[in-house]
Number of protein chains: 2
Amino acid sequence: MTPLPSHRDIPAATVTRLPVYLRALHAVATRGVTRVSSEELAIDAGVRSTQLRKDLSHLGSHGVRGVGYDVGRLTAELTSALGLNRAWPVAIVGMGNLGRALAAYGGFATEGFHVVALLDRDHAIVGERIGELTVTAMSRLPGLVRELGIAIGVIATPAASAQLAADALVSAGVEAILTFAPVALTLPERVSTRSVDLATELHVLAFLAQHDRLAADVGSPG
Amino acid sequence: MTPLPSHRDIPAATVTRLPVYLRALHAVATRGVTRVSSEELAIDAGVRSTQLRKDLSHLGSHGVRGVGYDVGRLTAELTSALGLNRAWPVAIVGMGNLGRALAAYGGFATEGFHVVALLDRDHAIVGERIGELTVTAMSRLPGLVRELGIAIGVIATPAASAQLAADALVSAGVEAILTFAPVALTLPERVSTRSVDLATELHVLAFLAQHDRLAADVGSPG
DNA sequence: GGCACTTTGTGCATTCCTTCACAAACGCCT
DNA sequence: AGGCGTTTGTGAAGGAATGCACAAAGTGCC
């Protein structure tokens, strides 16, 4: 009773790797290659080939035994699985340093993600022009989400305002949130969240660097 | 023969949560609280209390049964475990939009991380002043790393230059790398890496949003 | 001082993820 | 057409992380 291979029940760990595979495929395609083995693609993606194959198996079989994967076909398959064959209008809340940088950052524009709304709580910033957009007040968020079909919100506010921004996005009808604020957000189950936190990443690196340094003092080289 | 509780053998998943606990502790301390239970702290950190306790147990016992944790003492313990009671000079490679934003971003300055060097391969940018620093040429990297004691490098270059930047950082003697470039880096074992990738995060959210949307069409609300 | 209450620290079960090992399936060469 | 080499897809094993349940250890009241 499943017309499509069914995108449900794909392990979370696999989902986070699918974008990596897609990028590896683009790199391969740029080299003019039209067929690729799981081994080659895995190297580009920085994973083991068996992991790549198992991950792809969750989307259904699209390789040919003894040959490999058709680059174009697999690209289409991943693009479809990730939902990237449609436009994803994005709203950014919080127009400080980070928000401005994100609005200007080209990385968002690739593959269907278009920043279509910039918002800030501070009325001193509202009305300011940033790139091709004008900063609007938070009160206009629900209307914008409805009119422009915004499904993804980005939180670039200070930590203290993040929960407020999240609540506003959720009640406006956004389905997924990417937050840069270093706080745990309380959200309804149905809203997906991803968190990017520079300070945390640096902390982890500090731990690892110190750790390896200690290990080097104790253990023998080699 | 271990004078300290030994910071080795801490699960990777735990390490990534330690910074979150530290931040939760700061939030608690700001409220003027001096003692906190694992339950309260876990809520602030967005995890289960049992997970918090198990994570902390890897650092040794620092709570008091029946009472909870001393905020100051636990903060000190985590700070020490993460290696944050010393300065961490940081170099940023790649002074495009992202690199400039990172150089200006205050989040780096907190807790010992100081951006002390900005580098770019492009000689047209070298010499330019950004904030309090001047962009220097890649050739000066080894000297800077040695003189300033730089242990952490940040890669903010385009994907195509990322491996080059990584090689330069590694041979200059950097111990850990935070990269924003969406490519798998090939690095020696001893160098720690963390990757932050905005496009990947958006892709994952697109997948989840589409997925939930499909599920909502099929399943019943409740 | 002893008892009731609270909260930590942890062995154990469970679930999730990764890796291994190998059969199934394909192209190619003769 | 048949056999050989290659590569996929996957069951099963192994390992890691999470959550449960409870004993151990402390405080405070009577």
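Here is the naming used below: chain letters follow the sequence lines, and residue numbers restart at 1 for every chain.
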- Query: Any idea which of dA17(D), dC17(C), dG19(D) is nearest the Lys54(B) side chain?
  - Reply: dG19(D)
- Task: Output the single nucleotide from dC26(C), dT18(D), dT8(C) whose closest atom is nearest the side chain of Ala13(B).
- Result: dT18(D)
- Query: Hey, what do you get for CD1 (Ile155(B)) to OG (Ser161(B)), rounding to the nearest 0.5 Å?
  - Reply: 10.0 Å
- Rounded off to whole Å, could you give me the CD1-to-P distance for the Ile10(A) and dC17(C) pair? 12 Å
- Do any side-chain nitrogens or oxygens of Thr50(A) fall under 4.0 Å of OP1 or OP2 in dC20(C)? no
- Which residue, Arg48(A) or Gly66(A), contacts DNA chain C at a nucleotide closer to its 5' end, judged by nearest heavy atom? Arg48(A)
- Item | Stepwise side chain to side chain contact (heavy atoms under 4.5 Å, CB included) test for Leu22(B) and Thr75(B) | CA-CA 6 Å; Leu22(B) 186 56; Thr75(B) 301; 3.9 Å; yes
- Item | Rounded distance (Å) that lies between atom P of dT7(C) and atom CG of Leu74(B) | 16 Å
- Ignoring backbone atoms, establish whether Ser38(A) has a side-chain N or O less than 4.0 Å from OP1 or OP2 of dT8(D). yes
- In whole angstrom, what separates Leu18(A)'s CG from dC17(C)'s C1'? 15 Å
- Message: Could you check whether any side-chain heavy atom of Ile92(B) comes within less than 4.5 Å of a side-chain heavy atom of Phe180(B), counting everything from C-beta outward?
- Response: no
- Note on the structure: To the nearest angstrom, the CG-C1' distance between Asp55(A) and dC17(C) comes to 10 Å
- Interatomic distance where CD belongs to Glu39(B) and P belongs to dG9(C) [whole Å]: 14 Å
- Query: Atom CG of Leu52(B) to atom P of dA17(D): distance rounded to whole Å?
  - Reply: 17 Å
- Item | Distance in angstrom units between Arg73(B) CZ and dT8(C) P, rounded | 15 Å
- Task: Among the candidates dT19(C), dT27(D), dG9(D), find the nucleotide nearest to the side-chain atoms of Val67(B).
- Result: dT27(D)
- Would you call Val170(B) and Ile177(B) a side-chain contact if the rule is heavy atoms closer than 4.5 Å? yes
- Send over the distance from Asp9(A) CG to dC17(C) P, rounded to a whole Å. 12 Å
- 5'-most contact on DNA chain D: Gln51(B) or Arg35(B), nearest heavy atom basis? Gln51(B)
- Under 3.5 Å donor-acceptor pair, Arg53(A) side-chain atoms to dG9(D) base atoms: yes
- Of Asp197(B), Leu202(B), Val204(B), which is the lone residue that meets side chain to side chain contact (heavy atoms under 4.5 Å, CB included) with Pro19(A)? Val204(B)
- Item | Minimum-distance nucleotide (side-chain atoms of Tyr69(A) versus dG9(C), dG26(D), dT8(D)) | dT8(D)
- Winner on side-chain proximity to Arg65(A), out of dT19(C), dT18(C), dA23(C), is dA23(C)
